[in-house]
Structure formats: structure tokens, C-alpha cells
Amino acid sequence: MKRFTLSLFVIFLISTLYGCGPKGNPKETLESYYTNVINANYDAAYALLSETDRKATSKEDFALFMQLNAELYKLNGVEVNQAEKNRETIVFDVTEKQHSYMEEKDKSHTYKRLVVVENGEWRVFADKTYGDSIAGQMVRIGQLHLNGIGEKKESPNEAAIWFNKALKRDSAHNDANFGLALSYMKLGRFEESIDAAKKFVDSETDSIKKSDGLNVLGVSYEAMRYVAKAKEALQKAVELNPDNEYAKTNLSRYK
């Protein structure tokens with residue numbers, strides 16, 4: 001019996017040292033993931049995610065997230081360096097070298113990313129529900145079109161399309177209401193601008209952002225010749241943010 005027990009221990013020790021480790025190389029797995037992302041091979045990148053990540057995010061949402069992210073950032077390269085190792089979990093420092101279309105400059109972004117063992121193979125653990133960020137990405141793309149930055153031509157029409165997409169994805173995304181109000185104002189669709197601006201102002205709690213929404217509301221009221229409502233909205237905008245020079249300039253027409 002003792003000999004049998006010892007034999008089992010020896011087999012276990014040998015298998016631990018030589019035979020039962022996960023297939024592949026964790027760093028190569030992570031690098032392959034980013035190579036697929038850069039080359040827009042999103043199905044292949046998705047397949048390298050952990051089961052937990054794949055349960056949290058559908059393949060369709062993952063691909064959509066990555067497609068939208070490419071509209072906001074150009075990923076020029078990635079550096080991967082091992083930071084910690086804990087048996088079947090390896091922590092890497094990942095540095096993305098990217099060009100931000102919103103900021104119109106090159107930048108680097110460093111964060112931690114885990115690679116874990118799953119069914120005998122290395123998998124990337126992103127610990128992220130990608131679908132939760134999609135509406136926000138759509139809003140930022142709308143802002144690119146609205147302001148004519150990031151290699152986009154200024155187009156309030158295209159911006160309105162993106163803000164509406166964001167609201168369809170998440171009806172509670174209030175920044176989309178502000179963008180929509182501003183887009184409609186620039187398009188001369190003042191009644192629709194008023195509706196969107198009201199939704200934004202009624203839901204916004206930040207005084208600075210609420211002041212901006214009231215300014216848009218006031219300008220759209222003025223265009224519709226609702227003089228009293230325009231003045232009231234602009235006065236509230238200045239009260240909330242005395243540094244809102246747009247609202248102060250617009251309000252000065254009523255003095």
C-alpha cells in the first residue's frame with residue numbers, strides 16, 4: 001500500500017513538472033489577440049477571450065465595439081510585458097500605442113491584462129462587458145462629425161445619425177440628447193432641437209453641462225420666436241455657470 005501511494009505521488013509530481021501544463025505560450029496568446037484586433041480579425045480575437053468574457057459579451061457586440069473603437073483610435077502597436085505570475089494566471093503590462101482622433105494626437109495607454117488557463121489552454125481575460133460601452137462610442141463618433149475633427153468633415157446631419165443610434169442602443173444616454181439637440185439646432189430643425197434639449201436638461205445633474213443644454217434650448221427657442229422662453233433659458237444657463245460665455249453672449253441680445 002505504501003509503495004502504491006508513493007508511486008501515485010511520483011506520477012503526480014512528474015505530470016505536474018512535465019506533462020500537464022497548458023498548451024501554448026501566454027505571451028504569444030496575448031500578442032496574437034492584439035494582432036487580430038489590429039488586423040480587424042475580430043472573430044479570431046474573440047475566440048481567444050476567456051469563457052467568462054464570451055458569456056458577458058456576444059461575438060456581435062465584441063465586433064461592433066472594435067469597429068467603433070477603430071473610428072475613435074488607430075491602434076498602431078502593442079507592447080506586452082509580463083508583470084506577475086500566479087500558477088495558472090499571468091498578469092501582463094500592456095501598452096497600446098494609438099492615435100486618438102478625438103484629441104488629434106498620438107498617445108500611449110498602459111494597463112493590466114490577465115491571461116488565464118482554461119481547459120488546458122491560455123485565454124485572454126479582459127474582465128469587460130464590451131456592449132456596455134457601445135452607446136458611448138457612438139456618441140463620441142457623433143461628436144467627431146459634429147465638430148469636424150478626427151479626419152471627419154463637419155456634418156451635423158451625420159452627427160445626428162450617430163446620436164440617434166446611441167439613443168436607440170441606450171435611451172438613457174443623456175450626452176446623446178445634448179449632441180442631438182446641438183445637431184438639430186445647426187440643421188435648423190429647432191422644434192426637434194428643443195425636444196432633445198429639454199430631455200437633456202431635465203435629466204442632467206451637472207451644473208456646467210446643464211448650463212450648456214439650457215444655452216442650446218435658449219437659442220432654439222429664439223429661432224422659433226419664443227422670446228420669453230428663450231430669455232428664461234439663457235438666464236438659467238448663466239445662473240448655473242457664470243463662465244458660460246456662449247449663454248452670456250446670447251442673453252446680451254435681450255438687454
How about [atom1] on [X], more than 12 heavy atoms from neighbouring residues, nucleotides or ligands closer than 6.0 Å, or not?
{"X": "Gln67", "atom1": "CD", "answer": "yes"}
{"X": "Lys199", "atom1": "NZ", "answer": "no"}
{"X": "Lys236", "atom1": "NZ", "answer": "no"}
{"X": "Arg225", "atom1": "CZ", "answer": "no"}

(message) Is the shortest side-chain heavy-atom distance between Phe163 and Val139 below 4.5 Å?
(response)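 SC-SC contact between Phe163 and Val139 confirmed.
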(message) Between Lys168 and Asn164, is there a side-chain heavy-atom distance shorter than 4.5 Å?
(response)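 They are not in contact (no side-chain heavy atoms under 4.5 Å apart), so the answer is no.
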Test your reading of the model: is there a side-chain donor-acceptor pair from [X] to the backbone of [Y], 3.5 Å cut-off?
{"X": "Arg123", "Y": "Glu51", "value": "no"}
{"X": "Thr129", "Y": "Asp132", "value": "no"}
{"X": "Asn25", "Y": "Lys27", "value": "yes"}
{"X": "Ser171", "Y": "Leu167", "value": "no"}
{"X": "Asp61", "Y": "Thr57", "value": "no"}
{"X": "Lys248", "Y": "Pro242", "value": "yes"}

Carboxylate-amine/guanidinium proximity below 4.0 Å for [X] and [Y]:
{"X": "Glu154", "Y": "Lys186", "value": "yes"}
{"X": "Lys97", "Y": "Glu79", "value": "yes"}
{"X": "Arg253", "Y": "Glu222", "value": "yes"}

For [X] and [Y], test the side chains for any donor-to-acceptor distance below 3.5 angstrom and give the result as yes or no.
{"X": "Tyr111", "Y": "Glu96", "value": "yes"}
{"X": "Asn244", "Y": "Asn215", "value": "no"}
{"X": "Asn36", "Y": "Asn39", "value": "no"}

Of all heavy-atom pairs between [X] and [Y], which one has the smallest distance, and what is that distance?
{"X": "Ser211", "Y": "Ala237", "answer": "OG-O, 2.7 Å"}
{"X": "Val201", "Y": "Gly213", "answer": "CG2-C, 3.7 Å"}
{"X": "Ala126", "Y": "Asp53", "answer": "N-OD2, 2.7 Å"}
{"X": "Ala70", "Y": "Tyr42", "answer": "CB-OH, 4.4 Å"}
{"X": "Lys209", "Y": "Asp175", "answer": "NZ-OD1, 3.0 Å"}
{"X": "Gly179", "Y": "Leu146", "answer": "O-CD2, 4.4 Å"}

(request) Return each pair, listed once, that meets ring pair (Phe, Tyr, Trp, His ring centres under 6.0 Å) where at least one residue sits in residues 183-216; pairs must be two or more places apart or across chains. (result)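 Applying ring pair (Phe, Tyr, Trp, His ring centres under 6.0 Å) to every pair that reaches into residues 183-216, excluding sequence neighbours, yields Phe178-Phe200.
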Quick one: [atom1] on [X] to [atom2] on [Y], what's the gap to the nearest 0.5 Å?
{"X": "Leu214", "Y": "Asn250", "atom1": "CG", "atom2": "CG", "value": "12.0 Å"}
{"X": "Leu251", "Y": "Gln235", "atom1": "CG", "atom2": "CD", "value": "5.5 Å"}
{"X": "Ser193", "Y": "Met224", "atom1": "OG", "atom2": "CE", "value": "10.5 Å"}

(message) Just to verify, which of Ile208, Asp202, Asp206 counts as forming a side-chain contact (heavy atoms from CB on, under 4.5 Å) with Glu204?
(response)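 Among Ile208, Asp202, Asp206, the one meeting side-chain contact (heavy atoms from CB on, under 4.5 Å) with Glu204 is Asp206.
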(message) Tell me whether the NZ or CZ atom of Lys59 lies within the 45° cone about the ring axis of Phe62 and under 6.0 Å from its centre.
(response)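 The answer is no; the distance or angle limit is not met.
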